[in-house]
Amino acid sequence: QVQLVESGGGLVQAGGSLRLSCAASGRTFSSDTMGWFRQAPGKEREFVGGIWSSRTYYADSVKDRFTISRDNGKNTVYLQMNNLKSEDTAVYYCAAKRRPGIATIWYQYNDWGQGTQVTVSS
């Protein structure tokens with residue numbers, strides 16, 4: 001099992017940027033697929049993007065604004081969020097999936113962080 005801890009959330013104005021980090025511990029996660037999800041109040045958890053090896057995949061709603069990267073030496077995955085919109089407001093979670101390949105469905109991921117709040121003011 002891997003422990004995941006997100007950080008970097010906060011309050012930002014529309015059009016601004018934030019970078020979320022997800023630090024992993026407990027085992028080497030370099031071969032895991034890592035995903036970012038978000039959940040707004042009253043809504044279901046939704047896929048934001050994922051990274052497997054050097055491949056990335058994004059939801060249409062964040063494509064061209066968000067970028068996922070990973071530093072296996074630091075056991076950390078990042079979510080760079082640019083041009084933030086009010087509809088990006090949510091709790092953001094990172095998740096690890098042991099089988100290869102990016103999945104967009106949350107229950108295909110094995111381990112989850114506690115989440116970090118992102119609030120975008122308009």
Side-chain angles (χ1 to χ4, degrees):
Q1 186 175 5
V2 63
Q3 290 76 46
L4 304 173
V5 178
E6 302 96 335
S7 62
L11 174 64
V12 63
Q13 289 188 333
S17 299
L18 280 176
R19 188 177 80 157
L20 305 184
S21 300
C22 173
S25 62
R27 62 176 175 82
T28 302
F29 86 134
S30 58
S31 61
D32 285 12
T33 298
M34 299 300 295
W36 285 96
F37 289 76
R38 66 187 181 186
Q39 189 165 19
K43 295 189 177 181
E44 294 186 353
R45 189 167 299 190
E46 67 170 349
F47 174 78
V48 173
I51 185 167
W52 171 56
S53 183
S54 60
R55 301 177 183 179
T56 55
Y57 180 76
Y58 302 94
D60 287 343
S61 59
V62 306
K63 200 176 295 182
D64 298 327
R65 298 190 298 122
F66 291 12
T67 303
I68 296 174
S69 61
R70 68 193 301 166
D71 184 336
N72 289 333
K74 295 183 178 180
N75 264 14
T76 301
V77 175
Y78 304 97
L79 177 65
Q80 177 67 44
M81 305 185 293
N82 298 328
N83 190 22
L84 283 161
K85 305 176 181 180
S86 57
E87 51 263 43
D88 295 318
T89 295
V91 176
Y92 283 71
Y93 300 89
C94 71
K97 175 176 170 287
R98 292 164 208 164
R99 291 189 174 186
I102 298 170
T104 62
I105 303 173
W106 66 268
Y107 54 77
Q108 294 188 342
Y109 289 77
N110 306 102
D111 301 290
W112 290 83
Q114 82 290 349
T116 186
Q117 176 70 47
V118 171
T119 303
V120 183
S121 63
S122 56

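Keep in mind the model is a prediction, meaning the values are calculated, not measured. Index from 1, following the sequence.
Tyr58 places no side-chain N or O within donor-acceptor distance of the main-chain N or O of Arg65, the cut-off being under 3.5 Å. Judged purely by atom type and a 3.5 angstrom limit, Thr76 has no side-chain atom pairing as donor or acceptor with the backbone of Asp71. Looking at Tyr109, its side chain does come within 3.5 Å of a backbone N or O of Ala103 through a donor-acceptor pair. Remark: the backbone N or O of Val120 is paired with a side-chain donor or acceptor of Thr89 at under 3.5 angstrom. Side chain of Glu6 to main chain of Leu20: no donor-acceptor pair is present (N/O by atom type, distance under 3.5 Å, no hydrogens or angles).
When all heavy atoms of Val2 and Ala24 are compared, the closest pair comes out as CG2-CB, 3.7 Å. Heavy atoms only, all atoms of each residue included: Ser86 and Ser122 are closest at CB-CB, 4.4 Å. When all heavy atoms of Gln108 and Lys97 are compared, the pair lying nearest together is O-CG, 3.4 Å. The two residues Leu18 and Val118 come nearest to each other via the heavy atoms CD1-CG1, 3.9 Å. Pairing each heavy atom of Ala90 with each of Arg38, the nearest pair is CB-CB, 3.8 Å. Here the closest heavy-atom approach between residue Arg70 and residue Trp52 is recorded as NH1-CA, 4.3 Å.
Under the salt bridge (Lys or Arg N to Asp or Glu O under 4.0 Å) criterion, Lys63 pairs with Asp60, not counting sequence neighbours.
For the pair Arg45 and Phe37, the cation-pi criterion (under 6.0 Å, within 45° of the ring axis) is not fulfilled.
Annotation: Trp106, atom CH2; neighbour count of heavy atoms from other residues, nucleotides and ligands within 6.0 Å does not exceed 12. Counting heavy-atom neighbours within 6.0 Å of Arg98 CZ, excluding the residue itself, gives a total above 12.
Note on Ile102: it does not cluster hydrophobically with Trp36, by side-chain heavy-atom contacts below 4.5 Å among ILVMFWY residues. Note on Ile105: it does not cluster hydrophobically with Ile51, by side-chain heavy-atom contacts below 4.5 Å among ILVMFWY residues. Hydrophobic cluster membership is shared by Phe47 and Trp112, with clusters built from Ile, Leu, Val, Met, Phe, Trp and Tyr side chains linked at under 4.5 angstrom. No chain of hydrophobic side-chain contacts below 4.5 Å, direct or via other Ile, Leu, Val, Met, Phe, Trp or Tyr residues, connects Val77 to Tyr93.
Taking 4.5 Å as the limit, every side-chain heavy atom of Lys74 sits out of range of all side-chain heavy atoms of Ser21. Side-chain contact between Asp88 and Met81 is absent, with no heavy-atom pair separated by less than 4.5 Å.
Interatomic distance, Asn82 CG to Thr67 OG1, rounded to the nearest 0.5 Å: 6.5 Å. In this structure, CG in Asn72 is found 10.0 Å from CE in Met34, a value given to the nearest 0.5 Å. To the nearest 0.5 Å, atom OG of residue Ser17 and atom CZ of residue Phe66 are 9.5 Å apart. The distance from atom CD1 of Ile68 to atom SG of Cys94, rounded to the nearest 0.5 Å, is 10.5 Å. Interatomic distance, Leu4 CG to Gln114 CD, rounded to the nearest 0.5 Å: 9.0 Å.
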